[in-house]
> 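To start, I am sharing the structure in question, which I have written as structure tokens.
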Protein chains: 2
Amino acid sequence: MSDIERTWTIAEIALEFGVTHRTIRFYEDQGLITPERRGTQRIFHPRDRVRLELVLRGKRLGFDLGQIRRIVDMYDQPPGEAGQLRYLLERIAARRLELEQRRHDLELTLAELDEVERRCRADAAGAPKSRRS
Amino acid sequence: MSDIERTWTIAEIALEFGVTHRTIRFYEDQGLITPERRGTQRIFHPRDRVRLELVLRGKRLGFDLGQIRRIVDMYDQPPGEAGQLRYLLERIAARRLELEQRRHDLELTLAELDEVERRCRADAAGAPKSRRS
DNA sequence: GTTTCCCTTTACGTAAACGTCAAGCAAATT
DNA sequence: AATTTGCTTGACGTTTACGTAAAGGGAAAC
């Protein structure tokens, strides 16, 4: 009776997330997503959607697919032994450092954009005749 | 005595700006810089330095070389040419949107890292299989 | 039963931004 | 003169993230 777990086809996923079939199959090749196979067809479950979401966000953040895979792999680690947990914590810490560095660069870039835009608008407004560097 | 206009060699420029010779020649191929040629050698004038500076800043801001080319070309054109300024402002606005999306993604990711870490620590405390200090 | 779709795999192609030889000129030094 | 040093021009190689075409399966529609 219930949609205990809806599933999606590759076309639906591609449309919804704004990527092509090729992209999705490529991500599967890279081990970023692992949709179920019914015969030869791919069946996408909610967890595949979550992972794809993470992948796309990682891309927007400017990570390459290798790094993205390491990131998404962190999310469904089996709660394992203490050693593994410590290792995971280490990687989380490292990733956080990276992200915070990135955030810093981002702020710098936005500030520089503001500055360029400011000068640009000054040029546009200030009856420009000649300019010095 | 009259350093009325100092010039630089490709090696000096490369060292100073932290790029390789290959990069500089590539930028020349792309029409981003046009150093003087004395015989077969390249002679860099202050204006080449200015343009290279613009190129590198554009790269830091995340523009591709095609966009950068349009931007640095503005440098030689009648200052304040309305169309060109508008183009630059458009690119800046678009880039800012991307960066702000990125900042949002960053916050989400950092928050999720916190969450993963929290669960991870709960696991470590709740089901300790081995102890280590 | 055949056409129509959607999906599949395999495989080669592409673009950006250089890297990396290879081979050679030209001035400076020995 | 010979060597070294710095610069030059091709020209092919590299990586990432897919695009694109070829060839075909399986089921649903006609």
Side-chain angles (χ1 to χ4, degrees), chain A residues 6-45 48-49 51-73 98 102 109, chain B residues 6-45 48-49 51-73 91 94-95 98 101-102 105:
Chain A
R6 233 210 97 171
T7 61
W8 290 263
T9 145
I10 191 173
E12 291 168 337
I13 293 292
L15 181 64
E16 177 178 352
F17 288 89
V19 296
T20 68
H21 307 51
R22 181 68 183 88
T23 299
I24 293 181
R25 293 197 298 102
F26 183 73
Y27 289 168
E28 186 183 4
D29 281 352
Q30 303 300 305
L32 294 172
I33 50 181
T34 52
E36 183 196 346
R37 305 304 282 265
R38 189 162 302 160
T40 174
Q41 313 260 115
R42 292 175 178 81
I43 315 274
F44 289 81
H45 294 269
D48 298 311
R49 296 162 50 84
R51 290 190 70 125
L52 183 52
E53 185 73 55
L54 285 175
V55 171
L56 296 180
R57 185 195 297 162
K59 289 217 62 186
R60 288 196 301 272
L61 289 177
F63 292 108
D64 65 40
L65 293 188
Q67 304 185 58
I68 290 175
R69 185 175 51 185
R70 289 199 291 278
I71 294 174
V72 297
D73 281 348
E98 222 181 307
R102 233 162 237 252
T109 306
Chain B
R6 232 210 97 172
T7 61
W8 289 263
T9 145
I10 192 175
E12 289 167 339
I13 294 291
L15 180 64
E16 177 177 351
F17 288 89
V19 296
T20 68
H21 307 50
R22 182 68 185 86
T23 300
I24 293 181
R25 293 198 299 106
F26 182 72
Y27 289 167
E28 185 182 3
D29 281 351
Q30 303 300 304
L32 294 173
I33 50 180
T34 51
E36 183 198 346
R37 306 304 282 264
R38 189 161 301 160
T40 173
Q41 314 259 115
R42 292 175 178 80
I43 314 273
F44 289 81
H45 294 267
D48 299 312
R49 296 163 50 86
R51 289 189 72 125
L52 183 53
E53 187 73 54
L54 285 175
V55 171
L56 296 180
R57 181 195 298 159
K59 290 217 65 185
R60 285 198 305 277
L61 294 178
F63 296 111
D64 64 39
L65 292 189
Q67 296 173 334
I68 290 175
R69 179 172 169 184
R70 285 200 61 178
I71 292 172
V72 297
D73 280 349
R91 300 319 317 162
R95 185 67 186 142
E98 283 173 34
Q101 166 73 60
R102 195 150 164 167
D105 288 331

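Here is how names work: the chains are called A, B, and so on, in the same order as the sequence lines, proteins then strands, and each is numbered from 1.
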> Sequence neighbours excluded and cut-off under 3.5 Å, please list the side-chain donor-acceptor pairs for residues 24-34 of chain B, or say none.
| residue | atom | partner | partner atom | Å |
| --- | --- | --- | --- | --- |
| B/Glu28 | OE1 | B/Arg42 | NE | 2.4 |
| B/Glu28 | OE1 | B/Arg42 | NH2 | 3.1 |
| B/Glu28 | OE2 | B/Arg37 | NH1 | 2.9 |

> Looking at every non-hydrogen atom in both residues, tell me the closest pair between B/Thr20 and B/Ala14 and how far apart they are.
C-CB, 4.2 Å
> In whole angstroms, how far is the P atom of D/dC7 from the CG atom of B/Leu15?
11 Å
> Roughly how far apart are B/Ile71 CD1 and B/Phe63 CZ, rounded to 0.5 Å?
5.0 Å
> Please collect all side-chain hydrogen bond (donor to acceptor under 3.5 Å, both in side chains) contacts where either partner lies in residues 7-18 of chain A, sequence neighbours excluded, each pair once.
A/Glu16-A/Arg49
> What is the first contacted nucleotide of DNA chain C and what is the last, in 5' to 3' order, if contact means an atom lying under 4.0 angstrom from a heavy atom of chain A?
C/dC7 to C/dA11
> To the nearest 0.5 Å, how far apart are CG in A/Leu15 and NE2 in A/His21?
9.0 Å
> Could I get a table of every N or O pair under 3.5 Å where one atom is in the protein and the other is in nucleotides 8-11 of chain D?
| residue | atom | partner | partner atom | Å |
| --- | --- | --- | --- | --- |
| D/dT8 | OP1 | B/Arg42 | N | 2.7 |
| D/dT8 | OP1 | B/Arg42 | NH1 | 3.1 |
| D/dT8 | OP2 | B/Arg42 | NH1 | 3.4 |
| D/dT8 | O5' | B/Arg42 | NH1 | 3.1 |
| D/dT8 | O3' | B/Arg37 | NH2 | 3.2 |
| D/dT9 | OP1 | B/Arg37 | NH1 | 3.4 |
| D/dT9 | OP1 | B/Arg37 | NH2 | 2.1 |
| D/dT9 | OP1 | B/Arg42 | NH2 | 3.4 |
| D/dT9 | OP2 | B/Arg42 | NH1 | 2.9 |
| D/dT9 | OP2 | B/Arg42 | NH2 | 2.5 |

> When the distance from CD of A/Gln30 to C1' of D/dT15 is rounded to whole Å, what number comes out?
12 Å
> Taking side-chain hydrogen bond (donor to acceptor under 3.5 Å, both in side chains) as the cut-off, I'd like each qualifying pair that reaches into residues 62-73 of chain B, sequence neighbours left out, listed once.
B/Arg51-B/Asp73
> Are the side chain of A/Arg102 and the backbone N or O of A/Leu61 linked by a donor-acceptor pair below 3.5 Å?
yes
> Identify, residue by residue, the members of residues 54-71 of chain B with a heavy atom below 4.0 Å from DNA chain C, and return them in order of residue number, or none.
B/Lys59, B/Asp64, B/Leu65
> Step by step, would you call A/Asp48 with A/Ile13 a side chain to side chain contact (heavy atoms under 4.5 Å, CB included)?
CA-CA 10 Å; A/Asp48 298 311; A/Ile13 293 292; over 6 Å; no
